[in-house]
Every structure is written in structure tokens, then in C-alpha cells.
Amino acid sequence: MAAAHSLLRLSAPAPASAHPPLGAALSLLRLLPARRPHRLVASCSSALPDLAAFPNPNGLLVAEPAEPVTSHVATETELRENGPRSTRRTKLVCTVGPATCGPAELEALAVGGMNVARLNMCHGDRDWHRKVIDAVRRLNEDKGYAIAVMMDTEGSEIHMGDLGGAPAAKAEDGEIWTFSVRSFEAPLPELTVHVNYEGFAEDVRVGDDLLVDGGMARFEVVEKLGPDVKCRCTDPGLLLPRANLTFWRDGSVVREKNAMLPTITSKDWLDIDFGIAEGVDFIAVSFVKSAEVINHLKSYIAARSRGSDIAVIAKIESIDSLTNLEEIIRASDGAMVARGDLGAQIPLEQVPSIQQKIVKLCRQLNKPVIVASQLLESMIEYPIPTRAEVADVSEAVHQRADALMLSGESAMGRYPDKALSVLSSVSLRIERWWREEKHHEALELDDVSSSFSGKISEEICISAAKMANKLEVDAVFVYTKGGHMASLLSRCRPDCPIFAFTNSTSVRRRLNLQWGLIPFRLTFSDDMESNLNRTFSLLKARGMIKSGDLVIALSDMLQSIQVMNVP
Ligand SMILES: Nc1ncnc2c1ncn2[C@@H]1O[C@H](COP(=O)(O)OP(=O)(O)OP(=O)(O)O)[C@@H](O)[C@H]1O
Ligand SMILES: CC(=O)C(=O)O
Ligand SMILES: [K+]
Ligand SMILES: [Mg+2]
């Protein structure tokens, strides 16, 4: 029986030593790739603004050369794979687009702390996406990063066509535009847009409001003529290619036959095959409406890609998903609060409370959650964010979301690196504030596990997190084969870094999305003593821990907790 193996061992701990900021800074600097010193200085000071208070006589932070690792080749390979780390707990997802798809731009995002690169299959062809995936993999292999790749499906909500190649069209107040399900040869007739959804002309009624991109432009339906719907512009604005369309009646979005649109289209299935073949780490499913589609995709992936383990993330952005929220999240490996489309399907003022509810529910159910869209929207054009944007980012960090996501800011904005550095520095600042105020008392967490041994793991993690906070330990070490124990620990949001060791490269990359985890791939044995000694010397060699540090170690093989000082 599993309980027989449970073990609580407390070796007499020395008082926990506080991290001197400079020591922490130098430790972090040692982790960065040694080959690009000038770049590192800049990125480090932006990622850790508080460290800038400790300049050398030249006014710059200087990284000490990495300590040589005295171990055999396999360990060195593992070390290279493990890459540079920061102690930021909140993870960062960047959408890659034309502004960031080049190797140098991608590397700048990696240096800036990107944990996951997101590819939006609404844009670009497969060749383009393949090149980006290759470039990310090269960064991981050559430079020691552990960036995961997330593919985001297109889905099939109603949207406009591509404007016959025009970059945008301006709709003026009072103009009568034709929204038509007919296809046109380019150039389109004047004041005409194509709509992708066949049932559109049947579903709308005269008097409905038609919103482009959630209200960037607004029309009123004035007449229906077969496949054509005539609309008067009531809020002038810019129409962008493939802009999303919603129609509203009596204050709510209308879901008629379009509620039957497939969540995963035939094009999405081809993209998913492509994602499986390319070995992406996450597939984010757009406009999820029910748990069934998630289960269906998960069994498809399991049948297609034996061995490799792609996580399925449910994007919560459809009004239909809100009625099945818990079921959807339970079926998924994580969720995204996709506020862009969500805000076009429900009144905007409802988005913040729904965000909070989803973040909390995900934590209850032990699923990672990403808060996405418009976090720093103004930085698409400007080098600094608005104060309101900073407050929004702070709120998401405060809610203890696992990850924050950049969209247009990194895909096509003018300041992708600056936007990423704002996410990073705001996260660090809010997390520190939280620590100083000792806000880390645990949320009352309900059981997630149904099995007895699962419950034991859960209790071990809750106890370990409590001890970590009370004893102010320097780090928690968790040895976990499938990653589950690491995620249970992350769920408790303990007040210290969590070093997670797993045998599997794909588990390691997946853990990258979860709050506070610093995942390593390491071939470990059932002998905890030897695992501990190996990982201690590994991390000491990289300056991530030092002799005397107080740490807690957990293992899902022994289901044990140990408290000790690093020798
Ligand atoms: N691969 C790409 N190629 C060209 N442009 C891109 C690409 N990816 C993103 N973009 C641009 O960045 C903008 C924002 O990107 P993002 O992918 O986050 O869009 P979104 O509309 O928020 O997401 P979704 O389509 O999933 O709702 C897009 O509207 C598009 O203009
Ligand atoms: C990210 C996304 O799909 C949205 O916010 O709509
Ligand atoms: K998408
Ligand atoms: Mg969306």
C-alpha cells in the first residue's frame, strides 16, 4: 500500500538564510549563456530591475564566468538542456509573428524570459510555422533554453474575408455596407465584405447590431437580400482582414445555427496533424464549447503520437464555454482566458469577474491557466504601457495565474522585447510585494485526486508548501516522473522556487507553463540519496543553490518529504 512508503524525515535545519540580492543576482547571471556577454547585461537588468542597484564600477552588472561542471558528458548535456533560469514565478507566453520570427528576435524573447512560444494558425502558412518551430528548437538545443511551443487553432467562428488583399478598409458613419456570403473575385465591389459563414444571412435579423472585432466598428442590419445583408455603419472604424464578427440582439450575442459550427474544422485537423508531426508541446483549442471536443482531440493525439505527450489547452472565449466551464477544464490539461474573443461574446464588464473565476477554478482543479489578450495592447505602438495596463498585469499576477500572454504586442508590435520586459518586471515586483506582505497563506484547496495515492501526494505537497513558507526555505526540490507531483506543488504556490526534476523532455517543457516551476530533465534513480546529491552538485555548479541553503525535497516515487541543508 502506498501509505506504507510515506516518509517524513526532518534533519535538524539551520536557520534559513535570507537571499542577499547581490548573491541572487550573480547566481542568476551565472545561469545565462556565457557566449553573449553584452546582451546579457542589458537583459538581466531589465528582467530584474532591482538588481540594477548593484552596479560594478563601470555601472554595469557583470556575469562571472560559469563554473566548470565536473561531471561526465551526459550530465553536461543535461546541464546544457536545462538552460538559464530566473526566479520569476509567473510564466510568460509570447505569440510569434512577423515582428519576432527571425532567429535574433526569437533569441531576444528567450533572453527576456519567454517560457512558451505561441503560434496562431489563423495566420501564416505551415512552412512559416515550421521555420519558427525549428528556430525555437535550435535555441533550446544550442543555447540551453527550454522554451515550449504552443499551437493555437483557428477554429470556426464567424469572420470577414481578407478584403481582397487590402490591408484595411475604413467604414464611415451612415455608410451602407454589404456583408455577403457570396465569394467575390478581387478586388471586391465597393463597400462590400465577404463573410465566411454560410448561415449568416439566415441567422441575422433586421435590427440586429453587427460588431466587428468586438466593437471596433459597429453596424445595424437594415435589409436582407438573399445572400447579402445590408448594414448601416453606426460606429465608424477600421475593418481589418479576417476580423471577427458577432451579432447582438437585445443586449446579448446571438447564437443561432452558428452554435453548430465545428470547434475543430477540417483545416484545424490538418494543422493538428502538422503540430503532432512537429512535436509541439501544447495545442490550444479556440472557441471550445464542450468537454467532448477536448476528449475527442486528446484521444486523437494519443492514437497518433504514441509516447509524446501533447497537452491540450481549452481556450475560454466562446459564450457557450461558460455554461460548461468546469467540465471543460476538467477534461483539459489547462485553460486560457482568451479575453479578446470572450469580450466580443459577453458584455465587457463581465470579463474581469469571469477571469477571476476561471483562474481560481483552474487552481482548484490543478490545471495551469493563462491570462491572454490586450495585457499591454498600447505597446504595439508605444515603448511604454499605460498605467491601466500595468494594473491589469498586476491583477493577473495577484490572482496567481500561471502565465501571462502577449499577442499582437510580440507578434507584430514595434516593441516586443520591451513588452516582455514589462510583463517580467511587473510580475517580479508584484510577487515580491506579495512575499513582503506575507500573503502566501494557502487558498483553501479542495481535493483533486480520486485515488488514495493521489490524495497522499496532494497532502504531501500541501504540507511541503506550508513548511516552505513557515521555515522560509530557499527552494523546494521535487522528483517526479510524469510531472504530476510538481504541478500539485505549484498549485500550492509556495513562497520559494520549485526545482522540478523529471525523466522526460516533453514533461519538462510542459512544466514550463506552470507557476513557480523550474523544470530540469534528469535521468534519476529510485535512490533519493543519490538523486539529491547529484542535483545538489548540479545546481551548485550553476550557482542556483549554495552550501547551507535550507531546502525541502519531495519525491513521487517514495512519497516522501525531507528537510535539509545543502551540504
Ligand atoms: N503568424 C502571423 N503572421 C502574421 N501576423 C500575425 C501572426 N500571428 C499574429 N499576427 C498578428 O498579430 C495580431 C495578434 O495576434 P494574435 O495571434 O494574438 O491574434 P488574436 O486575434 O488575439 O488571437 P485569436 O486569433 O486566437 O483570437 C493578429 O491580429 C495579427 O495581425
Ligand atoms: C487569445 C485569443 O484567442 C483571444 O483572446 O481571443
Ligand atoms: K487562434
Ligand atoms: Mg480568440
Side-chain angles (χ1 to χ4, degrees), residues 93 116 118-121 129 133 148-157 260-318 320-338 358 361-370 372 402-403 448-451 454 480-488 490-491 502-514 519:
V93 182
V116 179
R118 167 180 177 256
L119 295 169
N120 186 352
M121 303 312 279
H129 290 289
I133 295 171
V149 174
M150 175 181 292
M151 188 186 102
D152 190 321
T153 65
E154 177 163 350
S156 62
E157 287 299 278
M260 308 298 284
L261 286 173
T263 302
I264 302 180
T265 65
S266 48
K267 190 245 180 200
D268 291 338
W269 284 113
L270 293 174
D271 287 340
I272 287 165
D273 285 342
F274 165 81
I276 293 171
E278 295 295 321
V280 301
D281 302 289
F282 298 94
I283 296 181
V285 187
S286 294
F287 300 106
V288 172
K289 295 166 192 152
S290 68
E292 272 124 69
V293 74
I294 299 287
N295 291 329
H296 184 43
L297 176 58
K298 288 191 73 160
S299 42
Y300 183 79
I301 292 171
R304 287 281 162 133
S305 56
R306 297 200 184 281
S308 99
D309 201 9
I310 302 177
V312 174
I313 304 292
K315 291 176 68 185
I316 309 301
E317 55 182 341
S318 156
D320 307 288
S321 62
L322 298 179
T323 41
N324 305 318
L325 202 54
E326 182 165 339
E327 215 181 288
I328 291 171
I329 293 172
R330 277 186 193 279
S332 313
D333 301 307
M336 183 195 293
V337 190
I358 298 170
L361 185 58
C362 283
R363 191 163 156 207
Q364 282 294 354
L365 300 177
N366 194 31
K367 310 285 179 169
V369 61
I370 307 163
D402 288 85
V448 273
S449 309
S450 44
S451 71
T480 168
K481 289 212 160 120
H484 187 58
M485 193 118 167
S487 73
L488 283 173
S490 158
R491 173 183 186 238
T502 161
N503 291 302
S504 141
T505 308
S506 64
V507 169
R508 168 178 174 239
R509 282 199 305 253
R510 275 172 60 168
L511 293 180
N512 235 356
L513 184 62
Q514 302 194 13

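- A distance of 9.5 Å separates CD in Q514 from CG in L488, rounded to the nearest 0.5 Å.
- Between D268 and G155, the shortest heavy-atom contact is OD2-N, 3.0 Å.
- Between the CG atom of D271 and the CD1 atom of I276 there is a distance of 11.0 Å, given to the nearest 0.5 Å.
- For the pair R118 and N120, the minimum side-chain heavy-atom distance is below 4.5 Å.
- Listed by chain and number, the residues in a side-chain contact (heavy atoms from CB on, under 4.5 Å) with E327 are A291 (sequence neighbours excluded).
- Across every non-hydrogen atom of S451 and G454, the tightest pair is OG-N, 3.0 Å.
- Nearest heavy atom pair, residue G483 against residue L511, reads O-CD2, 3.9 Å.
- Rounding to the nearest 0.5 angstrom, the gap separating the CZ atom in F282 from the CD1 atom in I310 is 11.0 Å.
- For D281, the side-chain hydrogen bond (donor to acceptor under 3.5 Å, both in side chains) partners are R509, not counting sequence neighbours.
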(request) Would you please test V149 and E278 for side chain to side chain contact (heavy atoms under 4.5 Å, CB included) and show each step? (result) CA-CA 10 Å; V149 174; E278 295 295 321; over 6 Å; no
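- Inter-residue side-chain proximity for M151 and I272 is flagged as met; some heavy-atom pair is nearer than 4.5 Å.
- Nearest heavy atom pair, residue I313 against residue M150, reads CG1-CE, 4.2 Å.
- Of the possible polar contacts, one joining the T502 side chain to the K481 backbone as a donor-acceptor pair under 3.5 Å is found.
- Looking at heavy atoms from C-beta onward, Q364 lies in side-chain contact with R491 at the 4.5 angstrom threshold.
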(message) Using the rule given for side chain to side chain contact (heavy atoms under 4.5 Å, CB included), can you reason through V288 versus I316, listing the C-alpha separation, both sets of side-chain angles and the distance that settles it, and then say yes or no?
(response) CA-CA 7 Å; V288 172; I316 309 301; 5.6 Å; no
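- If you check the side chains of D273 and Y300, you find a donor sitting under 3.5 Å from an acceptor.
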(request) Determine, step by step, whether I370 and V337 satisfy the side chain to side chain contact (heavy atoms under 4.5 Å, CB included) criterion, reporting the C-alpha distance in whole Å, the side-chain angles of both residues, the deciding distance to 0.1 Å, and the verdict. (result) CA-CA 6 Å; I370 307 163; V337 190; over 6 Å; no
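- Between the side chain of S305 and the backbone N or O of A302, no donor-acceptor pair lies under 3.5 Å.
- Scanning for side-chain hydrogen bond (donor to acceptor under 3.5 Å, both in side chains) contacts around S504 gives S506, with sequence neighbours left out.
- In terms of heavy-atom proximity, S290 sits nearest to N324 at CA-ND2, 4.1 Å.
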(request) Output, in order, the C-alpha distance, side-chain angles, deciding distance and verdict of side chain to side chain contact (heavy atoms under 4.5 Å, CB included) for L365 and E326. (result) CA-CA 9 Å; L365 300 177; E326 182 165 339; 4.1 Å; yes
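- Within the 4.5 Å cutoff, the side chain of T263 has no heavy atoms near those of the S156 side chain.
- The minimum heavy-atom distance between G482 and V507, with the atom names listed, is O-CG1, 3.6 Å.
- Side-chain atoms of S490 do not come within 3.5 Å of backbone N or O of A486 as any donor-acceptor pair.
- Residue I329 holds its CD1 atom at 10.0 Å from CD1 of I294, rounded to the nearest 0.5 Å.
- Partners of T480 under the side-chain hydrogen bond (donor to acceptor under 3.5 Å, both in side chains) rule, at least two apart in sequence or in another chain, are D556.
- In this structure the side chain of T153 never reaches within 4.5 angstrom of the side chain of I264, judged on heavy atoms.
- By the ring-ring contact (aromatic ring centres under 6.0 Å, His included) test, F274 is found to be paired with no residue, residues two or more places apart in sequence or in another chain being considered.
- The pair K298-D333 counts as a salt bridge, with a side-chain nitrogen and a carboxylate oxygen less than 4.0 angstrom apart.
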(message) Let's go through D152 and S286 carefully: what are the C-alpha distance in whole Å and the side-chain angles of both, what is the deciding distance for side chain to side chain donor-acceptor pair (under 3.5 Å) to 0.1 Å, and is it a yes or a no?
(response) CA-CA 7 Å; D152 190 321; S286 294; 3.0 Å; yes
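- Taking CD of E154 as the start and CE of M121 as the end, the distance is 9.0 Å to the nearest 0.5 Å.
- In this structure, the side-chain contact (heavy atoms from CB on, under 4.5 Å) partners of S318, at least two apart in sequence or on a different chain, are R255, F287, K289, D320, S321, Q345.
- Side-chain atoms of K367 come within 3.5 Å of backbone N or O of S332 as a donor-acceptor pair.
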